[in-house]
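Because the structure is predicted, anything quoted here is derived from the model rather than measured. A, B, ... follow the sequence lines: proteins, then strands. Residue 1 opens every chain.
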Amino acid sequence: MKKVALLIVLLAVGVFGFVILKKSQAPAIAATYTIGILQTASHPALDATREGFIEEIKSKMGDDIAFVIQNAEGSIVNVHTIAQQFHAKKQFNGFFVIATPAAQAMAAIEKERPIFIAAVSDPASIGLIHPKTNVCGTKDMIDVKAGIQMLQELLPDAKKVGLLYTSGEVNSMVLVKEMHNELKARGLIAMDFAMSSEADIQAMVESACSKVDVIMTPTDNMVGSAIASIAAIALKYKKPLIVSDNMLIKEGPLASRGVDYKAGGKQTADIALEVLVQGKHPSELPIEQIQGGQIFINKNTLDALGLSIPAALKDRVELVS
Amino acid sequence: MIELMHIAQGIIERGLIFGIVVAAVYLASRLINFDNLAVEGAFGLGGALTALLISWNLNPWLALCGSAFVGALSGVATGLLNTKLKLNNLISGIVVTTGLFSITLKTAGSNMTLSGKQTIFSAMPAFLAPYQSLLLLLLTCTILFSLISWFLKTEVGFLLRAAGDTPQMLTNIGKNVDLYIILGLALSNMFAAMGGALFVQYTGYFSIWASVGVLIIGLAGMILAQTLSPHFGVSLLIGSIAYQAIIALTFELQLNQDWNKLITALLIVLLIVIKQWLHEK
């Protein structure tokens, strides 16, 4: 009886596997280089990073580079599974890893072939930078000083700043700490609003709105996925919301002077080409900060809050509506 | 072929680590008839404590023992909530998992790297290098599973089983059922925490999000295992490895991973239906 059960299970798995195999069999790749792309989760910023990377490489190399794209959909176990499968395959010349967990897993397993990172905030703190490293690329650490400078120029009357972030995200915690120091140095009061799950968001934002003059967020994945509802609540309470990811601006926050993830992907692509084509070793290349100091402001929100852009900022601002 | 070997080795290694989590799910749900949702919290806590202790340069085996100990404590907490405060099974587990998230976060932060530190995997002799993880995990699982198999044959083990099946009998012979429920949960969470500790040492870093979805890995592994045998034993490890193989297959086929969770859900339903159908015949 047990054997029958086992047989049925194996049969089901086999049939299932065969069907998918038939459907998804990719044509043989005839490119010089193959890059394995490991993305931690589906998220607008991470998707943009991947798109920027692929676009840039395609524009320089055409079809001479092939990609194998895998997405772990937020599961750390799966990140590790994919990294291990990438490592086992000799076809890959390098790996493009998006966000911290993917970078950590890949770097822990692959010690020889180059790993290109993007959307990682603090590569040093997770042990990716050392003399023999095979890791290079960009980090998405935002310029906290410049961001708070903008906040003050835009909202000179604001005194109490609420910092909204997820308590379990390493990138957020690093930035929030830095924001605290910077706000304190400028004589502003920082208040923490740390969420631990997406279900907390509404209550947390409402509580923040009733206590502070302006809400600020770091590059935070949970904030990123719930930005529309956060922006709507902030607007209801007539509180300005400053974010750190430029792509979120069209969803309703007031302003952002943050990271352009697509540009980050492109920048990493250029670094990857230096390694693959020009033969440089990753350890010779510093991990670069993403370029750009553009300020993005949502026109509708600006009008709804009855604010205007100060003259000093005008030439650096791009309005989004 | 070598590629396939490497991939298979990875599947077996992860299968063995999560086999310990499968054992945790089994010990609670089959032995004392308690669906233990605290497994996920204990897995995270075990991983965090191991990461913290190793970052203090403590012996990695001691770190593993430390994780096992706090895991057992979290099981005692779950048991006390259930038996003394009369919270229902599922709620006790959910409450403990929720609460442990904060403790886990305070223990090791949201992310901690172990690069450059001594783990049980890096302390092996060099000539075993390509297989060191596999050998070490095989050894660990053999010891753990033998211990539990032996324990279940002792008088306490027998009474533990009875606490799940026929609690009335325990009361009749003057034994405290609550005590055995707590003991069972302590064992279950101890295993979950050891799974978490091994996973952290194996991957070389701790992430607060690693425990998300661990319960379903344990459950799927157990259900696969039970198509082989209803008893505690090697079948649990085989079930776990089989589940990791299925997940690896979905990556290998470059399936859109959006479907991953649905595949897992359908697989579990399918297996349960097959089992029930076999029972009826």
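Ring geometry for A/His80 against B/Tyr202 counts as tilted: the plane angle lies between 30° and 60°, on a 0 to 90° scale.
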For A/Thr100 and B/Tyr205, what are the C-alpha separation, side-chain angles and deciding distance, and is it a side-chain contact (heavy atoms from CB on, under 4.5 Å)? CA-CA 11 Å; A/Thr100 304; B/Tyr205 68 99; over 6 Å; no
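Within a 6.0 Å sphere centred on NZ of A/Lys111, other residues, nucleotides and ligands contribute more than 12 heavy atoms. When the shell of 6.0 Å around CD of A/Gln202 is examined, it contains 12 or fewer heavy atoms from other residues, nucleotides or ligands.
The stretch residues 42-51 of chain A participates, sequence neighbours left out, in these salt bridge (Lys or Arg N to Asp or Glu O under 4.0 Å) pairs: A/Asp47-A/Arg50.
Ranking A/Gly168, A/Ser197, A/Ala108, A/Gly127 against chain B, the residue ahead of the rest is A/Gly168, based on heavy-atom pairs under 4.5 Å. With respect to chain B, the highest number of heavy-atom pairs below 4.5 Å among A/Lys90, A/His87, A/Lys89 belongs to A/Lys89. Most heavy-atom pairs under 4.5 Å with chain B, from the set A/Met173, A/His130, A/Gln85: that is A/Gln85. Considering only heavy-atom pairs separated by less than 4.5 Å from chain B, the leading option among A/Ile69, A/Thr81, A/Val77 is A/Thr81.
The shortest side-chain heavy-atom distance between A/Ser167 and B/Leu105 falls under the 4.5 Å cut-off. Looking at heavy atoms from C-beta onward, B/Val212 lies out of side-chain contact with A/Ile76 at the 4.5 angstrom threshold.
B/Ile217 touches chain A through its side chain: at least one heavy atom from C-beta onward sits under 4.5 Å away, while N, CA, C and O do not. Proximity to chain A (any heavy atom under 4.5 Å) is restricted, for B/Ser207, to the side chain, taken from C-beta onward.
Between B/Thr113 atom OG1 and A/Leu128 atom CG the span is 7.5 Å, to the nearest 0.5 Å. The distance from atom OG1 of A/Thr166 to atom CH2 of B/Trp209, rounded to the nearest 0.5 Å, is 6.5 Å. Taking CG of A/Asn78 as the start and CD of B/Gln244 as the end, the distance is 8.0 Å to the nearest 0.5 Å.
Counting only N and O atoms by type, the side chains of B/Asn111 and A/Gln104 include a donor and acceptor under 3.5 Å apart.
Listed here is the closest heavy atom pair of B/Ser110 and A/Glu169: OG-C, 3.6 Å. The shortest non-hydrogen separation linking B/His6 to A/Ala88 is CB-CB, 3.4 Å. What you find for B/Phe251 and A/Gln70 is that their closest heavy atoms are O-NE2, 2.8 Å.
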